[in-house]
Amino acid sequence: MSGFPFVTNKGELSLHVGTIKILTKSLSPLPEKFHGITDKELRYRQRYLDLIMNADVRRTFHMRSKVISLTRRFFEDKGFLEVETPMMHPIAGGANAKPFVTHHNALSIDRYLRIAPELYLKRLIVGGFEAVFEINRNFRNEGMDATHNPEFTSIEFYWAYKTYKDLIEITKDYFAYLFEHLDLPTVLPYGDIEVDYSQFTEIPLIESLTTIGGVPADIAVDKEKIIAYLKAAHVDVNVAMNLGQLQGELFDEYVEEKLINPTFITMYPVEISPLARRNDENPELTDRFELFIAGREIANAFSELNDPLDQKERFEGQMAAKECGGDDEAHEMDADFINALSYGMAPTAGQGIGMDRLVMLLTNEHSIRDVLLFPAMKPLPTECQADEETEEK
RNA sequence: GUCCCGUUAGCUCAGCUGGUAGAGCAUCUCACUUUUAAUGAGGAUGCCGAUGGUUCGAAUCCAUCACGGGACACCA
């Protein structure tokens with residue numbers, strides 16, 4: 001609109017409007033200004049309204065954008081090359097998870113939405129790119145809750161001629177870099193707790209079972225004793241599990257939630273680390289760590305298994321688990337990946353970080369839906385669908 | 001998948017032990033022109049989530065379903 005300013009009889013500076021132009025139709029009224037919208041379902045389904053009404057929601061997504069941008073810059077500055085690998089895979093590999101299935105009509109074959117980019121990124125290491133990363137979506141056909149959305153964003157990066165120990169260092173650097181550029185204090189609240197991001201500690205998994213989890217040392221390394229221990233505590237336990245899997249159970253049950261300040265849990269059993277390199281001194285363990293913050297896993301990293309024969313055996317072990325143990329989320333055999341390794345993959349360390357969960361920590365949000373602009377929601381029934389249903393009945 | 005809770009006007013909510021729907025804000029009209037959510041007066045607004053049942057009568061009671069939230073389970 002345009003016009004000229006004037007002062008009213010009561011002294012109020014005003015604009016005398018000469019012309020006015022409507023820019024757009026606005027048919028629906030906005031929610032009330034004072035209370036805004038608080039109904040979570042409405043906020044998620046109509047995020048546009050949520051963004052109009054709630055400044056703190058806008059702040060959260062600005063923060064998310066900055067985190068992604070800084071992450072990209074951090075790795076580029078270290079010489080990493082950003083790449084894009086397929087989202088539709090012929091074999092769902094690189095993680096233990098149920099995939100979404102889709103169909104390619106022209107080729108007449110099923111495809112899986114990727115559950116992880118890992119095996120493709122490692123092929124690129126074979127191809128001679130010595131430091132690569134990808135920030136993108138993964139899809140997992142599993143339950144949804146406060147920390148799981150069917151599609152989520154992760155960064156995975158692979159670094160040739162490095163080990164998991166180098167990854168611990170770069171992870172610390174990465175957090176320091178984020179905190180510096182986001183201008184955050186090193187101690188951040190997360191709900192009722194406080195997390196000190198200047199205190200990164202490191203502890204081997206089996207040691208954590210006793211020192212943090214309070215599991216007696218003799219029990220933590222004995223399959224039968226763990227089963228008895230878990231049963232005594234009324235924890236459901238699958239007796240078909242091997243020692244490594246049972247140790248993983250103990251960790252989930254007694255240790256994970258107690259890891260508040262950033263903690264690298266290292267030396268995972270080989271049975272639960274099908275893609276990680278064995279430790280030189282103890283081949284039952286792997287050169288791997290997971291980073292836990294506020295009782296939650298934030299990152300998973302390891303020196304990569306680059307022995308094609310060992311990798312093939314591990315895949316075969318996974319397939320056996322799939323058929324015998326009922327582990328329907330075990331890895332599938334990826335023959336081309338084995339083939340790639342057979343040409344020689346440099347010793348490499350690789351890591352994945354869940355970006356959504358990281359943003360949750362930095363913004364003190366407790367639901368992954370609050371850091372996703374459009375979280376997955378069941379569609380509301382439409383009139384057409386309602387008709388179809390009544391016809392079926 | 002299981003359990004608990006929720007679903008009433010555009011938004012935020014009230015509606016006790018069943019008697020047939022309310023407030024504030026928003027919207028509209030008029031007045032005012034003193035703004036920073038909140039001037040005054042007046043008006044309109046609801047398939048009370050859906051379906052079925054109990055009842056003379058259901059927003060209220062019961063059942064089933066849908067969607068959402070939380071917890072657990074599963075899972076990174």
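Just so it is clear: chains get the letters A, B, ... in the order the sequence lines come, proteins before strands, and each one is counted from 1.
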Whole Å only: how far is the [atom1] atom of [X] from the [atom2] atom of [N]?
X        : N     : atom1 : atom2 : value
A:Arg43  : B:G6  : CZ    : P     : 21 Å
A:Met144 : B:G68 : CE    : C1'   : 11 Å
A:Asp39  : B:G10 : CG    : P     : 13 Å
A:Lys98  : B:G1  : NZ    : P     : 12 Å
A:Met53  : B:U12 : CE    : P     : 10 Å

Which atom pairs link the protein and nucleotides 69-71 of chain B when you take only N or O atoms and keep those under 3.5 Å?
unit_1, atom_1, unit_2, atom_2, d
B:G69, OP1, A:Arg369, NE, 3.1
B:G70, OP2, A:Arg369, NH1, 3.0

When the [atom1] atoms of [M] and [N] are compared, how many Å lie between them, rounded to an integer?
N     : M     : atom1 : answer
B:U8  : B:U45 : C1'   : 14 Å
B:C13 : B:A9  : C1'   : 11 Å
B:G19 : B:C5  : P     : 23 Å
B:C62 : B:U54 : C1'   : 7 Å
B:A21 : B:A44 : P     : 15 Å
B:G40 : B:C4  : P     : 47 Å
B:A59 : B:A14 : C1'   : 12 Å
B:A26 : B:G10 : P     : 16 Å

- Task: Return the set of residues passing side chain to side chain contact (heavy atoms under 4.5 Å, CB included) with A:Glu41 (not counting sequence neighbours), or none when no residue passes.
- Result: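 A:Asp39, A:Arg45, A:Met377, A:Leu380.
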message: For A:Lys378 and A:Glu253, find the nucleotide of RNA chain B closest to each by heavy atoms; which residue's nucleotide sits nearer the 5' end?
response: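 Its nearest nucleotide being more 5', the pick is A:Lys378.
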Open item on the list: Assuming nearest nucleotide by heavy-atom distance, tell me which of A:Ala376 and A:Leu42 is located more 5' along RNA chain B.
Closed with: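 It is A:Leu42, whose closest nucleotide lies nearer the 5' terminus.
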**OP:** Quick one: closest heavy-atom pair of A:Arg314 and A:Arg278, and the distance?
**Re:**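 Distance-wise, the nearest heavy atoms are NH2-CG, 3.3 Å.
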Inset, instruction - Provide the closest heavy-atom pair for A:Ala217 versus A:Thr210 in the form atom of the first, atom of the second, distance. - result: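 What the structure gives for the nearest pair is CA-CG2, 3.4 Å.
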- Task: Check which hydrophobic residues are tied to A:Phe374 through side-chain heavy-atom contacts below 4.5 Å, counting indirect links as well, and list them.
- Result: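 A:Leu51, A:Val57, A:Phe61, A:Leu373, all in the cluster of A:Phe374.
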How does the hydrophobic cluster around A:Ile109 look, that is, which other residues are in it when side-chain heavy atoms under 4.5 Å mark a link?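 Direct or chained contacts put A:Ile109 with A:Leu107.
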Given Watson-Crick and G-U pairs under 3.5 Å, RNA chain B in dot-bracket ([ ] crossing, | other strand) is (((((((..((((.....[..)))).(((((.......))))).....(((((..]....))))))))))))....
Partners of [X] by side-chain hydrogen bond (donor to acceptor under 3.5 Å, both in side chains), sequence neighbours excluded?
X        : answer
A:Asp145 : A:Thr147, A:His148
A:Tyr229 : none
A:Asn306 : none

Next on the checklist: Tell me if a side-chain donor or acceptor on A:Arg357 pairs with a main-chain N or O of A:Ala299 at a distance below 3.5 Å.
Outcome noted: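 Judged by distance alone, no pair lies under 3.5 Å.
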Checklist entry - Between the main-chain N or O of A:Pro269 and the side-chain N or O of A:Glu284, is there a donor-acceptor pair closer than 3.5 Å? => result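 Answer holds: no.
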Select base, sugar-phosphate, or nothing to describe what A:Arg45 touches, counting heavy atoms under 4.0 Å on all strands.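 The residue A:Arg45 makes sugar-phosphate contact but no base contact.
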Which part of the nucleic acid, if any, lies within contact of A:Leu49, taking any heavy atom under 4.0 Å across all strands shown: a base, the sugar-phosphate backbone alone, or nothing?
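Answer is nothing: A:Leu49 stays at 4.0 Å or more from every strand.
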_Partners meeting salt bridge (Lys or Arg N to Asp or Glu O under 4.0 Å) with A:Glu313 (sequence neighbours left out)_ =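 Expected list: none.
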task: Tell me which nucleotide among B:C13, B:G68, B:C11 gets nearest to the side chain of A:Thr38.
output: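 Of all the options, the side chain of A:Thr38 is nearest to B:C13.
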Pairs under 3.5 Å (N/O, protein and nucleotides 21-27 of chain B):
unit_1, atom_1, unit_2, atom_2, d
B:G24, N2, A:Glu32, OE1, 3.4

Open item on the list: If the condition is ring-ring contact (aromatic ring centres under 6.0 Å, His included), which residues does A:Phe129 pass it with, not counting sequence neighbours?
Closed with: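 Scan of A:Phe129 (ring-ring contact (aromatic ring centres under 6.0 Å, His included), adjacent residues dropped) gives none.
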By the salt bridge (Lys or Arg N to Asp or Glu O under 4.0 Å) test, which pairs, at least two apart or in different chains, include something from residues 186-206 of chain A?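 Those involving residues 186-206 of chain A do not exist here.
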